[in-house]
Amino acid sequence: MPELPEVETVRRGLAKLVLGRTIAQVVFDWPKGFPNSQTDVNTFVIGAKIVSVQRRAKVLILDLDSGYSLIVHLKMTGQLVFTDSQSDDLRFGAGHPSDSLINNLPDTSTRVTITFRDESKLFFNDQRKFGWMKLLPTATLPDIPFFQKVGPEPLDASFTADRFVERFQRRQKTSIKAALLDQTVIAGIGNIYADESLWAARIHPNTRVVDVTNDQLNTLFSELRLVLNTAIKKGGSTNKNYVNAQGKKGSYMDFANVFRREGQPCLRCQSSIDKIRVAGRGTHICSNCQVLPT
DNA sequence: CACTTGACCTGTCCGC
DNA sequence: TGCGGACAGGTCAAGT
């Protein structure tokens, strides 16, 4: 569920909350989700300071002053949530309804607990255990296969409509939705924003890429950027598990046009939103606005 | 190489 | 109420 806007929201939160903090302790007991050894953690993490918080595609990168980085993929149900005595005050203080905050504490899904020298903590929670955290030398990050293959950032200022169109050249036979979800084509798009941007551009998700016109691709480019930027402003989408670095939900789902709106009226034409299956995923469309080419 | 499908997980929901 | 099965969806491995 965490896609580009959600991961970017977490990144911005962490940049405010953990940048400059020094790590005192790391508790982890989950080799599959954190494969590094206790020795490496002791040597390169304990006593190290977080010097930058970056994002590439849906991956978070916490650079340490030891020359190593913690990289984190939240996959579907991962959370990185920070807590200290101040955020406890925030949690229980007036004007902060508890229902907007679903988790910033350790629970049964907590996989890694990082404690800083000032006793504040960062929890990596992941109910479904698809996510992971890895410790790697910062200099080797560009060699990771995922970073080698992943496509351009859709919100980069240098990313143009022409470049967007060009990225689809080698995915002609597959559906436009499968191509949008392919991280080697464009970085950071997942199921929610694929459906939302295709609705906005009035393209049926099952349209083969070769049958999508250049005009449509240009529209898709601008609508996709609009959708992603709007979602970041709303703090991302909380479908179920997602929360930001302070444990709070995002509100973009309140503004979604098709995602999880099956049976409700299309906000453009009032037709009922349908849920179909495309590229193996639940897909939401307005069958009236989004029509397959004949 | 292009493309599709299944596996990885656990919690939830639906129908019997 | 209990229980089996479908579903949720990001990415990679294995398949066609």
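Keep in mind it's a predicted model, so treat the numbers as computed, not measured. Just so it is clear: chains get the letters A, B, ... in the order the sequence lines come, proteins before strands, and each one is counted from 1.
- Residue A:K275 places at least one side-chain N or O closer than 4.0 Å to OP1 or OP2 of C:dA8.
- Atom CD in A:E262 sits about 14 Å away from atom C1' in B:dC14, given to the nearest Å.
- Residue A:H73 places no side-chain N or O under 4.0 Å from the OP1 or OP2 atom of C:dG10.
- Residue A:F130 contributes atom CZ, which lies 14 Å from atom C1' of C:dA13 at whole-angstrom precision.
- Separating the NZ atom of A:K240 from the C1' atom of B:dT10 is a distance of 10 Å, rounded to the nearest angstrom.
- Separation of the A:Y252 and A:Y193 ring centroids falls under the 6.0 Å cut-off.
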Report task. Could you check A:T110 against A:N125 for side-chain hydrogen bond (donor to acceptor under 3.5 Å, both in side chains), going step by step and ending with a plain yes or no? Result -> CA-CA 4 Å; A:T110 298; A:N125 302 331; 2.6 Å; yes
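- For DNA chain B, if you chain together Watson-Crick or G-U pairs that step i with j, i+1 with j-1 and so on, the runs of at least three with distances under 3.5 Å are B:2-8 with C:10-16, B:10-16 with C:2-8.
- A donor atom on one side chain and an acceptor atom on the other are not found under 3.5 Å apart for A:N244 and A:K249.
- Dashed line: the shortest gap from a side-chain N or O of A:Q183 to OP1 or OP2 of C:dT11 is under 4.0 Å.
- Between the CG atom of A:D126 and the P atom of B:dC8 there is a distance of 16 Å, rounded to whole Å.
- Applying the 4.0 Å criterion to OP1 and OP2 of C:dG9, one finds that A:T77 has every side-chain N and O outside that range.
- Taking for each of A:F259 and A:F146 the nucleotide of DNA chain C with the nearest heavy atom, the 5'-most of the two is the partner of A:F259.
- For A:R171 and B:dA2, the shortest distance from a side-chain N or O to OP1 or OP2 is not below 4.0 Å.
- Atom CG of A:L74 is separated from atom P of C:dG10 by 12 Å (rounded to the nearest Å).
- Nearest nucleotide to the side chain of A:Q127, out of B:dG11, B:dT4, C:dG10: B:dG11.
- Remark: A:E223 engages no residue in a salt bridge (Lys or Arg N to Asp or Glu O under 4.0 Å) (not counting sequence neighbours).
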Report task. List the steps and the verdict of salt bridge (charged side-chain N to carboxylate O under 4.0 Å, His left out) for A:E6 and A:K58. Result -> CA-CA 9 Å; A:E6 289 74 32; A:K58 302 171 190 170; over 6 Å; no
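- For a distance-only test at 3.5 Å, the side chain of A:R128 qualifies as a donor-acceptor partner of the base of C:dA8.
- If you check every strand for non-hydrogen atoms under 4.0 Å, A:Y193 touches nothing.
- The CG-P distance, from A:N241 to B:dT12, rounds to 9 Å in whole Å.
- Between the P atom of B:dC3 and the CD atom of A:Q169 lies a distance of 12 Å, rounded to the nearest Å.
- A:K173 has no side-chain polar atom (N or O) that falls below the 4.0 Å cut-off from OP1 or OP2 of B:dA2.
- Residue-level contact check: A:G280 touches neither bases nor backbone, having no heavy atom under 4.0 Å from any strand.
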Report task. Apply the test salt bridge (charged side-chain N to carboxylate O under 4.0 Å, His left out) to residues A:R208 and A:D211: give CA-CA distance (whole Å), side-chain angles for both, the deciding distance (0.1 Å), then the verdict. Result -> CA-CA 5 Å; A:R208 293 192 313 161; A:D211 294 328; 3.4 Å; yes
Report task. Assess whether side chain to side chain contact (heavy atoms under 4.5 Å, CB included) is satisfied between A:L4 and A:R55, documenting all intermediate values. Result -> CA-CA 9 Å; A:L4 189 154; A:R55 177 191 61 77; 3.5 Å; yes
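- Going from the P atom of C:dG9 to that of B:dC3 covers 23 Å, rounded to whole Å.
- For the pair A:R281 CZ and C:dC7 C1', the computed distance is 13 Å after rounding to whole Å.
- Donor-acceptor pairing under 3.5 Å is recorded for the side chains of A:R260 and A:N239.
- A:R260 comes within contact range of the sugar-phosphate backbone alone, with a heavy-atom separation under 4.0 Å but no base atom that close.
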